[in-house]
Amino acid sequence: MQYYSLQHQAPKVSFKEAVLKGQAPDKGLYFPEALPKLPKDFIKNLPSLSKEEIGFTVMQPYVGEDIPEKALRTIVEETVSFDFPLVKINDHISSLELFHGPTYAFKDVGARFMSRCLGYFHQSETKKTTILVATSGDTGGAVANGFLGVEGVEVIILYPSGKVSPIQELQLTTCGQNITALEIEGSFDDCQAIVKQAFMDQDLKQAYNLTSANSINVGRWLPQQLYYFYGLQAWQGEKPPVISVPSGNFGNICAGILAHISGLPVEHFIAACNINDTVPVFMQTGNYQPKASIPTISNAMDVGSPSNFSRILEIFGGEAEKLKTRFSSVSVTDEQTKATIKAVYDKTKYLLDPHGAVAYRALEDYQSERPTDKGFILETAHPVKFPDVIESLLNIKIPLPENATQLNPADKCSIELAASFESVKSWLLSR
Ligand SMILES: *Cc1c(COP(=O)(O)O)cnc(C)c1O
């Protein structure tokens, strides 16, 4: 499979090069040259296939010849080595729980797949690859855990000091080995800006083989398709489901749409946003206006300029009218999110996290006009990652998930740096 840049000013590359580069030299996102069609039998037989077999069949065309079958099967096995249960909340809405991985959020799958691909590619490279990544919370933990101990790859995570939850901070600062956490005295936007500047800096390019590990990277973005196949595997409805996805950078929902184009039956996709409503406004007015992000209680979706939306438009040939037949996007406030967590818990005892609650609310509103359309939400994080909001709202203590490893605050190890590119650059060059 070849990948082209959405800016069309850079040469096409293989899967391997797309993963190693992250972003095309013209700053465009890489996009697959052809969207694979899965055999009809595959979709029909979905309920009887193993998650490993599904993973291999879906990913193989995207990887092409860059990773041989045996190695790719091992990568997929290690990527999906936990459960993805579809849990019924009520008659109309189920929850596809994506938080049973090691860091309790859905980003584990993409991070594990990408890390293992890089580990495989390293066998034929001599220079070490350095992942430089900014996080507002969940990405850092998933990337730290996914890349821990991977040969030939080191990870440097920038996170905003005091602005991630305690569990999130421990997940990204206690790994050690090939993982380093930089605690930046600033905001997530500062961290992101520093990383962007680092990728363009000539001195750093000389010293390091830098790549990114956010959902721009096809190695992290594409395996997210698997969730939708696992959801459909367990789906009992007479009609295909409406799927509501808590969306920030729109990587996850874009992967779902790819799965649908490949043959997966889905009635409709809802991109559920918090008040960072760049895409909902675009869907209403046709005017795409990126803006600064606004902090909310569903903080992993505090994105004012969603990078993967251009990929969604590309799937529909840039035609917003076509997009509207399959996709809608709505904005939910923090007040509505809290009210939803409370109402669902009181009625069913199901505990939503703030991100899942945004998706739930969006799906419920959609169904109020289409009462026969059943569906599911993607529950993207375990509620224990956001204890402040939930425990004060419901007056309960959230238990840690089963098999949780207790992280010890005494093991925290981070390097504190000022929120400037210069301070990070001089640290990188002096190691
Ligand atoms: C990253 C994240 C999202 C947003 O996913 P995108 O692919 O960026 O749209 C939603 N929920 C949680 C819990 C996340 O960590």
Side-chain angles (χ1 to χ4, degrees), residues 29 95-111 113-114 133-146 157 159 164-165 167-168 171-172 188 192 212-228 243-259 269-274 276-280 293 296-312 327 329-332 337 341 351-362 377-387 389-390 401:
L29 270 62
S95 166
L96 182 63
E97 295 183 348
L98 304 180
F99 55 71
H100 295 275
T103 70
Y104 326 136
F106 82 98
K107 293 189 171 74
D108 281 327
V109 160
F113 186 83
M114 181 184 160
V133 66
T135 183
S136 58
D138 289 333
T139 296
V143 169
N145 187 285
I157 301 164
Y159 77 98
V164 302
S165 84
I167 290 189
Q168 289 174 329
Q171 285 177 343
L172 59 94
F188 167 66
Q192 180 104 308
S212 71
N214 53 25
S215 57
I216 282 176
N217 195 302
V218 298
R220 236 197 81 188
W221 169 52
L222 293 170
Q224 301 180 122
Q225 291 178 85
L226 302 182
Y227 310 136
Y228 300 82
I243 304 180
S244 180
V245 185
S247 296
N249 253 325
F250 283 66
N252 194 359
I253 194 166
C254 183
I257 297 172
L258 276 191
F269 286 95
I270 304 170
C273 301
N274 56 32
N276 291 282
D277 61 356
T278 303
V279 174
S293 63
T296 71
I297 55 168
S298 47
N299 63 3
M301 316 195 309
D302 295 350
V303 181
S305 173
S307 33
N308 284 289
F309 192 63
S310 58
R311 283 178 166 148
I312 294 182
F327 171 96
S329 188
V330 293
S331 164
V332 173
T337 306
I341 294 174
L351 194 53
L352 291 162
D353 98 292
H355 304 79
V358 168
Y360 187 99
R361 176 63 183 238
I377 60 162
L378 302 200
E379 183 38 297
T380 46
H382 193 288
V384 80
K385 288 192 108 167
F386 309 95
V389 181
I390 295 167

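We count ligands from 1, going down the list as the structure has it; atoms in each ligand are counted the same way. Model, not experiment: these values are computed from the prediction.
When hydrogens are left out, the protein atom nearest atom 8 (O) of ligand 1 is Asn249 N, 2.8 Å; that is the closest non-hydrogen contact. For atom 4 (C) of ligand 1, the closest heavy atom belonging to the protein is Gly248 N, 3.6 Å. Among protein heavy atoms, atom 1 (C) of ligand 1 sits closest to Lys107 NZ, 1.3 Å. When hydrogens are left out, the protein atom nearest atom 5 (O) of ligand 1 is Phe106 CZ, 3.4 Å; that is the closest non-hydrogen contact. Atom 7 (O) of ligand 1 has Asn252 N, 2.9 Å as its closest protein atom, hydrogens excluded (heavy atom only).
Heavy atoms only, all atoms of each residue included: Tyr228 and Ala255 are closest at CE1-C, 4.3 Å. Closest approach of Arg220 to Thr139, counting heavy atoms only: NH1-CG2, 3.4 Å.
Considering backbone and side-chain N/O atoms, Ser215 never comes within less than 3.5 Å of an N/O atom of ligand 1. Residue His355 has no N or O atom closer than 3.5 Å to an N or O atom of ligand 1. In terms of polar-atom proximity, Gln224 is not counted as a contact of ligand 1, lacking any N or O under 3.5 Å from an N or O of the ligand. The distance criterion of under 3.5 Å between nitrogen or oxygen atoms is not met by Ala300 with respect to ligand 1. The N/O atoms of Ala105, backbone and side chain alike, include none that comes under 3.5 Å of an N/O atom in ligand 1.
Look at Asp353 and Lys385 and you find no salt bridge, because none of the NZ, NE, NH1 or NH2 atoms lies under 4.0 Å from a carboxylate O.
Residues satisfying the side chain to side chain contact (heavy atoms under 4.5 Å, CB included) test with Val384, not counting sequence neighbours, are Tyr104, Ile167, His382, Ile398, Leu400, Pro401. In this structure Arg311 satisfies the salt bridge (charged side-chain N to carboxylate O under 4.0 Å, His left out) test with no other residue, sequence neighbours excluded.
Residue contacts with ligand 1: Ser247 is included, with a non-hydrogen atom under 4.0 Å away.
A heavy-atom distance below 4.5 Å is found between the side chains of Asn252 and Tyr227.
Of all atoms in ligand 1, numbered sequentially from 1 with element shown, those under 4.0 Å from a heavy atom of Ala381 are 13 (C). For ligand 1 and Gly251, the ligand atoms under 4.0 Å from any heavy atom of the residue are 6 (P), 7 (O), 9 (O). Residue Pro246 approaches ligand 1 through these ligand atoms, each under 4.0 Å from one of its heavy atoms: 4 (C), 10 (C).
Comparing Thr139, Thr380, Asn308 against atom 12 (C) of ligand 1, the shortest heavy-atom distance belongs to Thr380.
Contact annotation for Asp138 and ligand 1: only side-chain heavy atoms (C-beta onward) come within less than 4.0 Å of the ligand.
Ring geometry for Phe250 versus Phe309: interplanar angle over 60°, hence perpendicular rather than tilted (30 to 60°).
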